[in-house]
Every structure is written in C-alpha cells, then in structure tokens.
Amino acid sequence: MRRLTILACLLGSLLCVAPAAAQGPGAAQAPTAARGPATAQAPATAAQSPDAALRSALTRTMRAAGASSGAYVLNATDQKVLFTRRASTPRILASNAKLFTTAAVLGRLGPETTLRTSALGAGPPGPGGVLRGDIYLRGSGDPGFGSSAFVRRSYGGGASVEALARAIRAAGVTQVTGGVVGDASIFDSRRGGPSSGFRPSIYVGPLSGLSYNRGLARTSGSAFQKNPPAFAAAQLRIALRRAGVRVAGRARAGRAPAGAQELAGLASPPLARLVAITNKRSDNFFAETLLKLLGARTLRSGSTRAGARSASAFARTLGAPARLADGSGLSRGNRASPMSVGRLLDRVRGEKQFDAFYGSLSIAGRDGTLRRRMRSGPARGSCRGKTGTLSNVSALSGYCTSRSGDTIVFSFLMNGVSPPGARRLQDRMAQALAAYRG
C-alpha cells in the first residue's frame, strides 16, 4: 500500500506527507506551509535587532551582579545609549578613581610635561671645583626617581641618583664643604592617603615630593623610609662619593634657600609615560603622587585634598561629576555613577591628550591588569579598560571597538559583590560589546 502511495505522488506531482508513524528520527520535517500558522513564526531571538539582543544579554548578566551594581554603555560613534542599569547612582569606584586622576593630570598639565629633580647650590663651584656650603637635592614630585638598577628594573628607565651625581661632577663640582639636603617642599608632609589615616601602608609607600625607590627601604626593621627626603639625600651623598665628589657634611631633610642656583638636573619620563604606569599597573603610589602634583601645580598646594579638588573640577568641565577623596581609589569615599564615568570616557575623546589617556589603559588579554582576562573571544585586543578592586567591590570601565567598527564606551561598577565572580560577569559583558554589530 505504501509503495502505491509513493508511486501515485511521483506520477501526479502531488504534495504528500508520510504518516507520522512512518517517519523515523532523522526524517525531514514537512514544509512550513503544511504545518499551519502555529509553526510559521520565526524564533524571537532571530527577530531581535542587534541593540535589543545586546540589551537582553547585558540585562541577564547585570541581574547576577545584584542591586548594588550599575552599568552604562554608550555607542560613542553615534552617541546612542545602548544600555543602562541603575546608571545614575554613585558607586564606590575602587581603582576606577585613577581614571579621574590621570585624565585631570594629562588635561591640566599636558602629556609631554616632565618632572625635574635638581641639585642646587648657593652659587657655582669655586676654584678647584669646591662648592661652599650645602648641596640641595630638590624633588618635583617624580614618583620614579631612584637608583639606576631600580629604575631600570621597575620602569625600563628614568631619572636615577647615579646619573644625577655624574651630572654634578660634570658641572665641575669636586668637593662640597657642607652636606646634602633633601628638599621635598613641593608636597605636604603627609605620607599616606585618607584610607590609612594619611600614614604609609602596605598599599602606598611614604608619599613625598622627593621620593627614592618608591620610599621602600629595609632599614631598622621597617619596609618604609621614615624620612624620604633625608633618605634620598643620603643616597645622593653616596653616589657623589662614587662619582669622585667629596662631601664633608651629613645628609638631612631641609629646604633650598631662595636664590639657590641649579648645578645639574634630570627630567623624568613625560607624564604620558607616568600615567601609563599608573593605569596599566594600577599603581597606587604613582596615582597618589600624581594627584599631589596636580594640587601643587594647579592650586599651589601639594596635598591629597587639593589634588582631589582639582581632579573633581576637571571632571565637572566634562560633565562627569565625581566625589574624590584620593588619587588611587583606596578610599571608599571615591564615588561616581556609571553614567558619570562613561561621560568622562566619552568626552575626554575630544581632548588633545586623549591618545595618551587611551594608550594608558590595559588591553584585554594582552597587558596590564587585563593581561590574564579575555584572552580569547572578540574582546581580546579590542577592549581597553581600567580595573578596580576592593573588598566587595569590583569595577571595569573603558572602551571596546565593536565588530561593526563603532567605539563603545562602558562602565560597570559593582558593589556588594565577590570580586572574582564580578570579574567574570564584566568579561562576559565586554565580550558582548566587542561582538556587537550595530
């Protein structure tokens, strides 16, 4: 009977469907027209626009981050907001505070600016190269000044005390009748930030306008230099002796007198390089030092408070309000909304220092604090960002270049979370942004 039915179909060109009982698991389904209206609709996911699909994916992921988290995503190419979730509520920033610090430092001081560490005297050396009185080592807030070995190992190069000693000898100085005085007066004397009661901590070595090897030294059982300018002066005294310059007096902290003349000096790498160290490594010492520098240069007060005030004012000019307490994000008093972080990231794109700012951010799967994250998938090499971690806090903000070629600005600020789990959620969302085809 079945053979006769098939033969009739072939001869009559009829549309025939075998009985259900005759279809095996691998048999082809009936054409759509034979299924009726109930099976004619396409799946809902296929009908979604790219924007709707992205919103759906981000909503699911952010739901897992909890009610104390927020997100903001902007297609900066056409200025279209793609996603928001509690985007206007300020959150603890953690190291995303460094975005505000470094944007202000580059914007106010310029990416090509360098910081000069100088040796000064009351006058030029006299006959026989004798310098009467003290020699003054004056810092200008270079966080990378130190020994040549330390500078080379830590930063790949920079101003070193040995190079400065050689420059002093090349200036004709062979003998100093006084001592070496370390001048750190560009900054105040507070050695830490507000999170540690302004004392040094394991997260930030002693802050100083004249620091040496980040303020780290194993002396008297302590990991920190107790008097950074005096310690730096002592290291210059040793380096001078090795360079062939005799120094009669001791090393101490003090202040260069008005009218002191520069004998020699060394410049730091440009601020663009110092900012890159700050952001790619999430370096708290550099961030806090640069914030004090910002206060010293813009408000004539080398303090954390003045620097935070200056950085906040710069952010407001970009329409990105933030409450800043320090430069690194160690304080839980640093707060801004995801929308505000997003606006900072978007509007700094129109500033002349943007290339330096953008280049300072970690590249997903390649370098900085993102080198071990997003090592595969569309986000690898296509997203750049600044991470942030404190107890129960995790953040990731930055830029992704999507598959459609658009620049996507994003800020994910997660509070009340487990940082390892939150990082996985952030990576999943960044992958979705990089895969977006708007």
Side-chain angles (χ1 to χ4, degrees), residues 42-65 69-85 87 94-96 98-99 276 279-282 338-339 341-346 348-349 354-355 357-389 394-414 417-438:
T45 54
Q48 281 185 320
S49 68
D51 289 8
L54 178 65
R55 283 194 300 271
S56 178
L58 297 181
T59 298
R60 288 194 303 271
T61 309
M62 279 301 298
R63 194 176 292 128
S69 301
Y72 178 81
V73 179
L74 171 74
N75 185 334
T77 299
D78 60 12
Q79 291 296 297
K80 178 170 63 177
V81 176
L82 297 176
F83 178 76
T84 65
R85 187 174 181 87
S95 280
N96 269 207
K98 293 181 176 76
L99 293 171
N279 282 337
K280 283 189 181 290
R281 302 182 185 182
S282 203
M339 183 182 295
V341 177
R343 285 179 175 171
L344 176 81
L345 294 170
D346 177 43
V348 78
R349 294 168 65 243
F354 175 67
D355 286 348
F357 180 75
Y358 183 75
S360 75
L361 302 178
S362 297
I363 304 173
R366 292 186 178 173
D367 68 11
T369 56
L370 288 178
R371 68 188 180 280
R372 298 186 184 277
R373 295 172 60 176
M374 296 171 276
R375 300 180 74 175
S376 61
R380 184 177 187 272
S382 297
C383 294
R384 291 176 180 244
K386 182 71 203 72
T387 58
T389 305
S394 182
L396 178 65
S397 301
Y399 308 89
C400 286
T401 300
S402 71
R403 280 180 170 162
S404 56
D406 294 330
T407 297
I408 310 297
V409 166
F410 68 91
S411 178
F412 308 138
L413 304 182
M414 299 180 177
V417 294
S418 166
R423 285 193 286 268
R424 288 192 289 271
L425 298 178
Q426 294 156 11
D427 292 357
R428 190 182 308 165
M429 291 190 289
Q431 296 282 17
L433 299 184
Y436 170 72
R437 296 181 184 273

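These figures come from a predicted structure and were not determined experimentally. All residue numbers in this chain count up from 1 along the given sequence.
Donor-acceptor pairing under 3.5 Å is recorded for the side chains of Arg373 and Gln426. One side chain, Lys386 or Ser282, offers a donor N or O that lies under 3.5 Å from an acceptor on the other. Counted by atom type alone, Ser49 and Asp51 present zero donor-acceptor pairs between their side chains at under 3.5 Å.
Across Ser382 and Ala434, no two heavy atoms sit closer than the pair CB-CB, 4.5 Å. Residues Gly438 and Pro50 approach most closely at CA-CB, 4.4 Å, considering heavy atoms. Nearest heavy atom pair, residue Gln48 against residue Ala52, reads NE2-O, 4.1 Å. Taking every heavy atom of both residues into account, Ala379 and Gln431 meet most closely at N-OE1, 2.8 Å. In plain terms, the two heavy atoms of Ser376 and Arg380 that are nearest each other are N-CD, 4.0 Å. Between Ala276 and Ser360, the shortest heavy-atom contact is CA-CB, 3.6 Å.
Using a 4.5 Å cut-off on side-chain heavy atoms (C-beta onward), Val81 and Val73 make no contact. The closest side-chain heavy-atom distance from Leu396 to Asn96 is not below 4.5 Å. Val417 is listed as a side-chain neighbour of Ser69, based on a closest heavy-atom distance under 4.5 Å. You'll find the side chain of Arg371 stays beyond 4.5 Å of the side chain of Ser362, heavy atoms only. With contacts defined as side-chain heavy-atom distances shorter than 4.5 Å, the pair Leu345/Tyr399 qualifies. Within the 4.5 Å cutoff, side-chain heavy atoms of Leu361 are placed close to those of Leu99. Here the side chains of Ser397 and Leu413 are in contact, with some heavy-atom distance below 4.5 Å.
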Next on the checklist: Please evaluate residues Gln79 and Asp346 with respect to the criterion side chain to side chain contact (heavy atoms under 4.5 Å, CB included), reporting the C-alpha separation (whole Å), side-chain torsions for both, the decisive distance (0.1 Å), and the verdict.
Outcome noted: CA-CA 9 Å; Gln79 291 296 297; Asp346 177 43; 3.2 Å; yes
Next on the checklist: Would Leu74 and Ile408 count as a side chain to side chain contact (heavy atoms under 4.5 Å, CB included) here? Give the steps.
Outcome noted: CA-CA 6 Å; Leu74 171 74; Ile408 310 297; over 6 Å; no
Item to check | Evaluation steps, side chain to side chain contact (heavy atoms under 4.5 Å, CB included), between Phe357 and Arg349 | outcome: CA-CA 9 Å; Phe357 180 75; Arg349 294 168 65 243; over 6 Å; no
Next on the checklist: Pair Arg85, Arg63 - check side chain to side chain contact (heavy atoms under 4.5 Å, CB included), show working.
Outcome noted: CA-CA 9 Å; Arg85 187 174 181 87; Arg63 194 176 292 128; 4.2 Å; yes
Next on the checklist: Could you go through Tyr436 and Phe410, starting from their C-alpha distance and side-chain angles, then the distance that decides it, and tell me whether this counts as ring-ring contact (aromatic ring centres under 6.0 Å, His included)?
Outcome noted: CA-CA 13 Å; Tyr436 170 72; Phe410 68 91; over 10 Å; no
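Under the rule for a salt bridge (charged side-chain N to carboxylate O under 4.0 Å, His left out), Arg428 has no partner lying at least two apart in sequence or in another chain.
Between the side chain of Tyr72 and the backbone N or O of Arg343 there is no donor-acceptor pair closer than 3.5 Å. Side-chain atoms of Arg403 never come within 3.5 Å of backbone atoms of Ala435 as a donor-acceptor pair (strictly under, hydrogens ignored). Between the Ser394 side chain and the Ala422 main chain, no donor and acceptor come within less than 3.5 Å of each other. Side chain of Ser402 to backbone of Asp406: a donor-acceptor contact under 3.5 angstrom is found. Distance alone, capped at 3.5 Å, is enough to place a donor-acceptor pair between the Thr77 side chain and the Thr407 backbone.
Annotation: Arg424, atom CZ; neighbour count of heavy atoms from other residues, nucleotides and ligands within 6.0 Å does not exceed 12.
Note on residues 357-367: pairs passing salt bridge (charged side-chain N to carboxylate O under 4.0 Å, His left out), not counting sequence neighbours, are Lys280-Asp367. Sorted by first and then second residue, the pairs that involve residues 52-61 and meet side-chain hydrogen bond (donor to acceptor under 3.5 Å, both in side chains), not counting sequence neighbours, are Ser56-Arg60.
In this structure, the separation between CG on Asn279 and OG1 on Thr369 is 9.0 Å, given to the nearest 0.5 Å.
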